[in-house]
K.L.:
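Below is one structure. I have some questions about it.
Residue numbers begin at 1 in each chain, while the letters A, B, ... track the order of the sequences.
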Amino acid sequence: MADKAASPEKKSWADVEEEEEAKAKAAAEAEAAAAASSSSTTEPTVEEQAKQIEALSLAPAVEDAAGEEGPPLLDDSDDSQIQAVTSGGTVYESATMFEDLKLSPELLKGLHDEMGFSRPSKIQAITLPMILTPPYKDLVAQAHNGSGKTTCFVLGMLSRVDQQRKIPQAICICPTRELAQQNKAVLMRMGKFTGITCACAIPPAQKDYMPISKMAPITDQIVIGTSGTLIKWITHKKLATRDIKILVFDEADHMLAEDGFRSDSERMMRDIQRSAGGCQVLLFSATFNERVKDFVTKVIRDGNQIFVKKEELTLEKVKQYKVQVPDESAKIEVIRDKIFEFGQKVGQVIIFVRTKQSTKNVHNALTREDYVCSSIQGSLDQSEREKIIQEFKDGYTKVLISTDVLARGFDQAQVNLVINYDMPIKYGTRDEPDYEVYLHRIGRAGRFGRKGAVFNLLCGPTDNVVMKKIEDYFQHSVPEVRNWQREEDFEAALKDAGLL
DNA sequence: AAAAAAT
């Protein structure tokens, strides 16, 4: 349907190699869109323009934290490709500099001095004007893992709340507690000079338990949390939604998926829209499968939309490999004797397993005197979860075994090796891959354009079917490490990935 | 099965 309606000359941005050509294209498309909006009825125009925006395919932009070594700051030529995009009669000039965005001096200081960002990444350049320009339209935006989506919505929330008013004005909903805490940490750094405060709505550790009736109403301008606790705070009148101006869904495809958090999300949206009137809704994720995309475009009718073709979603700098192993014990052997030897020299490692029980089993099997491993899953007490994450972020632990609790959003620059101990499978199927989870897992390596490697440990015909389907889906063939018993083969793979 | 509420 989308393809049929698209104009014949439409071209994906990734197809355009030369910068000059890209510039011309951008100008032409923007002009065409602007012309269309002024000369025809609203209904088809919005659709057409949405298609054009959809055609933007976002290459991973490079962004870096202050004082860190690593790749240079921004892919400048890439950014300059985008001149302007329009939707529903509103023309947006893409932001070349953060200074183009009428941000407060305090926020600019936070971006430059505290975060160390010099210029907006591609997704930031496109979406920030959409987020910050009246009439504050809703937005659904897809961009690659590690391309700087968090900055988009964090900046959106920080810019749109009034620091003088001590009431909640922005809410961000996340699928996991870790992601809520991480997003809050980013927001506090970015908003360091603004005086804006933020509450994290997640269940407390057991030792901190307090009946909700004793809790004081929230006076922070921004609340970031998980759906259960947010709903609880709202129903017990601890979180007033009357003045909410902006509602953000991080990992939005999962938050709106039927087998995800759709019912919670719909309830939040309904309650907040009802009490706060028209509040801006932002949906961000690296993945939107067709089912969710259909649903999302129905929910966000009059908003701006940015999507990326699935074939262009795999990160080029993260090299994927498959390894055939005879049985489960060989998986442990491969990790312990082959991958760790090099992996530890290189950086930090995350090993993904399917079940909570597996985290413990694999952890025990991998424990050696000289490697500090840890494991995490959602049944641990909150204090345990926090301790394990902190130790990993501090670099004390080098190897973290995890369920999919960390598959999405977890941002640790030093992670450049991901191991799929178990392949991600759709619930209720035997050999149907969960493509979105796969993409998110491998996105834990190669943050902000860094190099990375992924080893998919395959055992038996089912795993191979799954791997083949993943390669077909993303139209990306994954090379094989020939012999699981040869150290040299793994060394060669890591060298090829640029990690050695 | 994993995640997320509290119970």
Side-chain angles (χ1 to χ4, degrees), chain A residues 171-184 199-215 223-239 248-269 271 285 287 289 292 350-363 375-382 384-386 388-389 400-410 418 420-441 444 462-463 466:
Chain A
I171 293 177
C172 172
I173 316 178
C174 312
T176 64
R177 303 171 193 185
E178 283 70 25
L179 200 44
Q181 289 171 313
Q182 179 179 286
N183 286 337
K184 182 192 167 178
C200 196
I202 63 172
Q206 258 166 30
K207 66 172 174 56
D208 300 324
Y209 175 79
M210 187 210 288
I212 181 105
S213 55
K214 300 217 170 140
M215 180 183 157
V223 182
I224 302 179
T226 49
S227 55
T229 304
L230 282 167
I231 288 173
K232 189 179 174 187
W233 287 10
I234 292 170
T235 30
H236 287 84
K237 309 256 189 253
K238 302 301 181 184
L239 171 52
V248 179
F249 291 87
D250 194 7
E251 306 297 341
D253 63 320
H254 192 230
M255 299 311 294
L256 292 172
E258 261 177 316
D259 61 346
F261 296 89
R262 181 180 290 184
S263 53
D264 284 353
S265 298
E266 285 189 306
R267 180 172 167 191
M268 295 267 313
M269 242 187 266
D271 288 1
S285 183
T287 53
N289 69 31
V292 180
I350 299 182
I351 302 174
F352 284 107
V353 297
R354 195 169 54 93
T355 65
K356 296 176 183 177
Q357 185 57 47
S358 300
T359 61
K360 296 171 189 166
N361 299 344
V362 174
H363 189 167
S375 55
I376 188 169
Q377 37 89 0
S379 313
L380 299 180
D381 183 74
Q382 185 55 26
E384 273 295 301
R385 289 170 71 154
E386 283 172 20
I388 289 158
I389 292 296
L400 183 53
I401 300 144
S402 175
T403 58
D404 283 327
V405 66
L406 293 190
R408 286 172 174 263
F410 182 69
V418 165
N420 282 323
Y421 186 94
D422 300 309
M423 296 299 285
I425 305 294
K426 276 203 188 100
Y427 179 56
T429 73
R430 201 173 57 87
D431 57 9
E432 192 54 29
D434 192 323
Y435 302 105
E436 286 72 38
V437 169
Y438 180 81
L439 200 78
H440 284 281
R441 281 183 180 185
R444 293 321 97 212
T462 307
D463 281 350
V466 169

K.L.:
Summarise how protein sits on nucleotides 2-7 of chain B as a single string, 5' to 3': B when a protein heavy atom is under 4.0 Å from the base, S for sugar-phosphate-only contact, - for no contact.
P.N.:
BBBSSS

K.L.:
For the pair A:Ser265 (side chain) and A:Met255 (backbone), establish whether a donor and an acceptor sit closer than 3.5 Å, ignoring hydrogens and angles.
P.N.:
yes

K.L.:
Using a distance-only test with no angle check, is there a side-chain donor-acceptor pair under 3.5 angstrom linking A:Thr287 and A:His440?
P.N.:
yes

K.L.:
Would you find more than 12 non-hydrogen atoms of other residues, nucleotides or ligands less than 6.0 Å from A:Arg354 atom CZ?
P.N.:
no

K.L.:
Does the side chain of A:Thr176 pick up a donor-acceptor pair with the side chain of A:Arg408 at under 3.5 Å?
P.N.:
no

K.L.:
Answer yes or no: is there a donor N or O on one side and an acceptor on the other, between the side chain of A:Arg177 and the main chain of A:Thr226, under 3.5 Å?
P.N.:
no

